[in-house]
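Just below is one structure, and these are the notes that go with it.
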Amino acid sequence: MKNLLALGLLGAASVASANPNVISREYKLMLQASLFAYNTESSDVNNFIDDAETAIETTISRNVSGSASLSKIRDVMFYDTDSSCILKNSGYSFRERIESGASEVTLKFRSEDRYIADFEDMSATSGSAESKLESDIGISTSSNFVVLYSHSTTAPNTRTINQMDDINDQFPGFEDDYGIADSTALDLVGGLTVREHVYKNVDIDLGSIDAELSVTLWYDGTPSGASSPIIVEVSFKYEDSSADYTKKVVNRAKQAVLALQDLSTWTDPASKTKTRFVYEYDPSFCD
């Protein structure tokens, strides 16, 4: 019976993977970090939101509602193998977030191909783990629209991250597929611990679905006084468990992110993404 059940589950997974549903779509744009400071953070963020609201509403003729407020303060760390970056070179990242003393870890695989991303086994041992296939849509200096697909699982964590078994024990699918020795050391990428502030509570009316707008600020350690963040990102996302997005919704979302791009006083198309910034913080880490 156990083997039959396993075969049944495998068959269901294969069918699901034949046409992977992208249940979440997130649009990201980097902002000029020098325009923000810790001691004026809230007003800086809301000044940007005011301009973003005007630009988006004018472009898509739908409402942007709410007032940005600080909703998350947490520490963010990425882990990989010093000098070789096995995870990065395999298309993976492994991130820990600590908020109010509680830790969660996210194992994420990215690819330009949604099928390749979906086929990665992101199963976790925790019954509280959450997985999703998401499209990450950004803008670069060479293109107005860059899409990557990320398949990730986030799970609660009680371990001190320092070697590969901290991934293998929690994500058995990854261990089965890659077979990296448990004793392989995991190190803090670039020696960097980020203090992350996330502002939320602003929604974009896209029609049949709303998108949640967020501004994320990263500081190098604990900020004080007029400290400037090292990274600032504006993003908005919307989700549908069946990926049944309408033509109007996806077109309005694209128009909204292009409207944000036109805020040239605020935007920084040459800025690195958050993950790239971490890996390049110490250029020798992957060498």
Side-chain angles (χ1 to χ4, degrees), residues 5-29 56 60 62-66 71-72 74 91-95 97 99 102 104-138 145-157 170-174 177 198 200-214 216 233-257 275:
L5 179 59
L7 287 172
L9 290 173
L10 179 59
S14 298
V15 170
S17 295
N19 186 23
N21 283 338
V22 178
I23 66 170
S24 177
R25 308 190 80 217
E26 184 168 14
Y27 300 72
K28 302 177 179 180
L29 190 65
I56 293 171
I60 68 173
R62 311 290 293 193
N63 290 333
V64 177
S65 58
S71 63
K72 293 183 181 294
R74 54 196 179 189
Y92 275 86
S93 64
F94 185 60
R95 179 189 68 209
R97 286 172 169 164
E99 183 177 4
E104 67 174 22
V105 290
T106 298
L107 183 65
K108 179 180 291 188
F109 177 84
R110 285 190 176 97
S111 174
E112 296 86 354
D113 190 313
R114 70 181 172 120
Y115 291 89
I116 291 174
D118 187 62
F119 280 127
E120 289 295 302
D121 187 347
M122 308 302 293
S123 57
T125 55
S126 171
S128 301
E130 295 184 357
S131 298
K132 64 180 177 181
L133 179 64
E134 180 176 51
S135 58
D136 294 325
I137 302 161
F145 224 56
V146 180
V147 181
L148 281 176
Y149 294 93
S150 63
H151 191 186
S152 64
T153 297
T154 298
N157 174 62
Q170 298 190 80
F171 301 95
F174 176 85
D177 287 345
V198 182
K200 291 188 175 184
N201 301 316
V202 176
D203 293 318
I204 304 171
D205 176 10
L206 296 177
S208 61
I209 195 169
D210 287 346
E212 180 183 47
L213 183 70
S214 303
T216 300
E233 176 191 82
V234 59
S235 64
F236 64 86
K237 68 163 59 177
Y238 54 94
E239 299 182 350
D240 186 318
S241 59
S242 61
D244 188 21
Y245 308 111
T246 68
K247 180 179 179 180
K248 288 183 178 180
V249 163
V250 296
N251 275 306
R252 286 175 181 141
K254 181 176 181 179
Q255 291 166 2
V257 76
T275 303

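- By the side chain to side chain donor-acceptor pair (under 3.5 Å) test, N201 pairs with S69, sequence neighbours left out.
- When each of V147, L148, V146 is checked for a side-chain contact (heavy atoms from CB on, under 4.5 Å) with E112, only L148 meets the rule.
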Begin from the C-alpha positions of V64 and V202 and carry the test side-chain contact (heavy atoms from CB on, under 4.5 Å) through to its verdict. CA-CA 7 Å; V64 177; V202 176; 3.6 Å; yes
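- Nearest heavy atom pair, residue M122 against residue L107, reads CE-O, 3.0 Å.
- Residue pairs meeting the salt bridge (Lys or Arg N to Asp or Glu O under 4.0 Å) criterion with at least one member in residues 244-257: none, sequence neighbours excluded.
- Residues satisfying the ring-ring contact (aromatic ring centres under 6.0 Å, His included) test with Y245, not counting sequence neighbours, are Y238.
- Of the inter-residue distances, the one linking D203 atom CG with N63 atom CG reads 11.0 Å to the nearest 0.5 angstrom.
- For F171, there are no ring-ring contact (aromatic ring centres under 6.0 Å, His included) partners at least two apart in sequence or on another chain.
- Residues G207 and D205 come closest through the heavy atom pair N-OD1, 2.9 Å.
- A side-chain N or O of D121 and one of S123 form a donor-acceptor pair less than 3.5 Å apart.
- In terms of heavy-atom proximity, L206 sits nearest to A253 at CD2-N, 3.9 Å.
- Of the possible polar contacts, one joining the H151 side chain to the A117 backbone as a donor-acceptor pair under 3.5 Å is found.
- Annotation: the span from E212 atom CD to E239 atom CD amounts to 8.5 Å, rounded to 0.5 Å.
- One finds the OG atom of S135 at 6.5 Å from the OH atom of Y27 (value rounded to the nearest 0.5 Å).
- Exactly one residue among Q170, R97, E104 makes a side-chain hydrogen bond (donor to acceptor under 3.5 Å, both in side chains) with N157. That residue is Q170.
- Between E99 and S71, the closest heavy-atom pair is OE2-O, 4.3 Å.
- Partners of S93 according to the side-chain contact (heavy atoms from CB on, under 4.5 Å) rule, which considers only residues two or more places apart in sequence or in another chain, are F78, K108, R110.
- Minimum heavy-atom separation, R25 to E134: N-CG, 4.4 Å.
- F109 contributes atom CZ, which lies 12.5 Å from atom OG of S152 (distance to the nearest 0.5 angstrom).
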In sequence, state the C-alpha distance, the side-chain angles, and the governing distance for I204 and I56, and then conclude on side-chain contact (heavy atoms from CB on, under 4.5 Å). CA-CA 8 Å; I204 304 171; I56 293 171; 3.8 Å; yes
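- The distance from atom CZ of R95 to atom OG1 of T106, rounded to the nearest 0.5 Å, is 4.0 Å.
- Of all the heavy atoms in S241 and I23, the pair that sits closest is O-CG2, 3.6 Å.
- Residues satisfying the salt bridge (charged side-chain N to carboxylate O under 4.0 Å, His left out) test with D210, not counting sequence neighbours, are none.
- In this structure, T153 OG1 and F174 CZ are separated by 12.0 Å, a value rounded to the nearest 0.5 Å.
- Side-chain atoms of R114 come within 3.5 Å of backbone N or O of P20 as a donor-acceptor pair.
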